[in-house]
There are 2 protein chains.
Amino acid sequence: MATEAKVINTGAACCGIEPGSIHEADAAQDGALVDAATRFKALSDETRLRIVRTMVRSKHELCECNIVPLFGLSQSTISYHLKVLREAGIVECEKRGLWAYYRVNTRALMGAVKTLAELA
Amino acid sequence: MATEAKVINTGAACCGIEPGSIHEADAAQDGALVDAATRFKALSDETRLRIVRTMVRSKHELCECNIVPLFGLSQSTISYHLKVLREAGIVECEKRGLWAYYRVNTRALMGAVKTLAELA
DNA sequence: GGCCCATATCGATGTTTGTCAATATAGCGC
DNA sequence: GCGCTATATTGACAAACATCGATATGGGCC
């Protein structure tokens, strides 16, 4: 996965495109790219997107016990999805007493927007 | 996966949050959400993100034969990734003669940016 | 202390994904 | 037609993922 790229001077322009114009990987910005991939992966599951959307729509933070009954999935599955979102930095969690309160990390989401926008 | 959501009037506010404030799924906009999940899935692989970035950086379209040598992966694997990107609408393909020229579908990418931005 | 509750983790299981080598498809030039 | 080349598809396989039920963890409350 990681690393390489570089020389594409395999001479032959088999099709019409001059190899010089191809721009791969300064590898410098690969950290950002890997992060972006992780974030998009976290957002690539329908249930997780629904969870995020629900959090955004309900203005304040949500307790996990509020989320579980919404999707017809088991508590352990929801807990797993929340963990994926947490580890991708998309949501943040605060535990108070028995409950775990989740909220969207707007900054991280904005970062993903930025990365994507720079591609477009 | 699809469908339901609705009533969360399971009375008990076990934690402090009033169920009334929870906002799940008008199910109306679920099509958009499913589309978004598909796009994010296409963008969730490091190789695919690199391909897209390479296309964007090199100003014009790229021939598949230009892309294959860049990543140390087999031709069939690259072809597979391009198919995923194509089916998600993120890139477009035009075949001319023996070659397949790919370019980013900026509109689709912008759509993804918009979806993401609306969550943030 | 003991019990209940909300959440996290574990183990198993079926599905999806990324990868390859091999093969098929199809355009070009002879 | 034949042969060469670029791309697509197929089949196999290992790794990752989404899901569950069961169990562990840890905070309140009595």
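Treat the numbers as computed from the prediction; the structure is a model and nothing was measured. Residue numbering restarts at 1 for every chain, and letters A, B, ... go by the order of the sequence lines.
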### A:Ser74 and A:Thr77: CA distance, side-chain angles, deciding distance, side-chain hydrogen bond (donor to acceptor under 3.5 Å, both in side chains) verdict
CA-CA 5 Å; A:Ser74 74; A:Thr77 298; 3.0 Å; yes
May I ask you to verify if any side-chain N or O of [X] is less than 4.0 angstrom from the OP1 or OP2 atom of [N]?
X: B:Thr77; N: C:dC20; value: yes
X: A:His81; N: D:dT19; value: yes
X: B:Ser76; N: C:dC20; value: no

Nearest-Å distance for atom pair [atom1]/[atom2], residues [X] and [N]:
X: B:Glu87; N: C:dT17; atom1: CD; atom2: P; value: 11 Å
X: B:Lys83; N: C:dT17; atom1: NZ; atom2: C1'; value: 13 Å
X: A:Glu64; N: C:dT7; atom1: CD; atom2: P; value: 5 Å
X: B:Leu82; N: C:dG18; atom1: CG; atom2: P; value: 13 Å
X: B:Ile67; N: D:dA8; atom1: CD1; atom2: C1'; value: 14 Å
X: A:Trp99; N: D:dG26; atom1: CH2; atom2: P; value: 18 Å
X: B:Leu73; N: C:dG18; atom1: CG; atom2: C1'; value: 9 Å
X: B:Phe71; N: C:dT19; atom1: CZ; atom2: P; value: 11 Å

### Sub-4.5 Å side-chain heavy-atom contact between A:Phe71 and A:Ile51
yes
With no hydrogens and no angle check, is any side-chain donor or acceptor of [X] less than 3.5 Å from a backbone partner on [Y]?
X: A:Ser58; Y: A:Met55; answer: no
X: A:Ser79; Y: A:Ser76; answer: no
X: B:Asn105; Y: B:Gly89; answer: yes

### Query
Has the side chain of A:Gln75 got a donor or acceptor that lies under 3.5 Å from a partner of the other kind on the base of C:dA6?
no
### Message
A cation-pi test, strictly: NZ or CZ of A:Arg96 under 6.0 Å from the centre of the six-membered ring of A:Tyr101 and no more than 45 degrees from its axis. Yes or no?
### Response
yes
### Query
Which part of the nucleic acid, if any, lies within reach of B:Tyr102 when heavy atoms closer than 4.0 Å are counted: base, sugar-phosphate only, or nothing?
sugar-phosphate
### Query
List DNA chain C stems (3 or more consecutive Watson-Crick/G-U pairs, under 3.5 Å)?
C:1-30 with D:1-30
### Query
Which of these passes side chain to side chain contact (heavy atoms under 4.5 Å, CB included) with B:Arg103: B:His60, B:Lys59, B:Glu94?
B:Glu94
### Task
Would you mind building the protein contact string for nucleotides 24-30 of chain C? One character per nucleotide, 5' to 3', B for base within reach (heavy atoms under 4.0 Å), S for sugar-phosphate only, - for untouched.
---BS--
Show me the donor-acceptor pairs within less than 3.5 Å that the side chains of residues 107-120 of chain A make with the rest of the protein, sequence neighbours left out.
from     : atom 1 : to       : atom 2 : distance (Å)
A:Lys114 : NZ     : A:Glu118 : OE2    : 3.3
A:Thr115 : OG1    : A:Gly111 : O      : 3.0

### Query
Do A:Arg48 and A:Glu46 sit within salt-bridge range, that is, some charged N less than 4.0 Å from a carboxylate O?
no
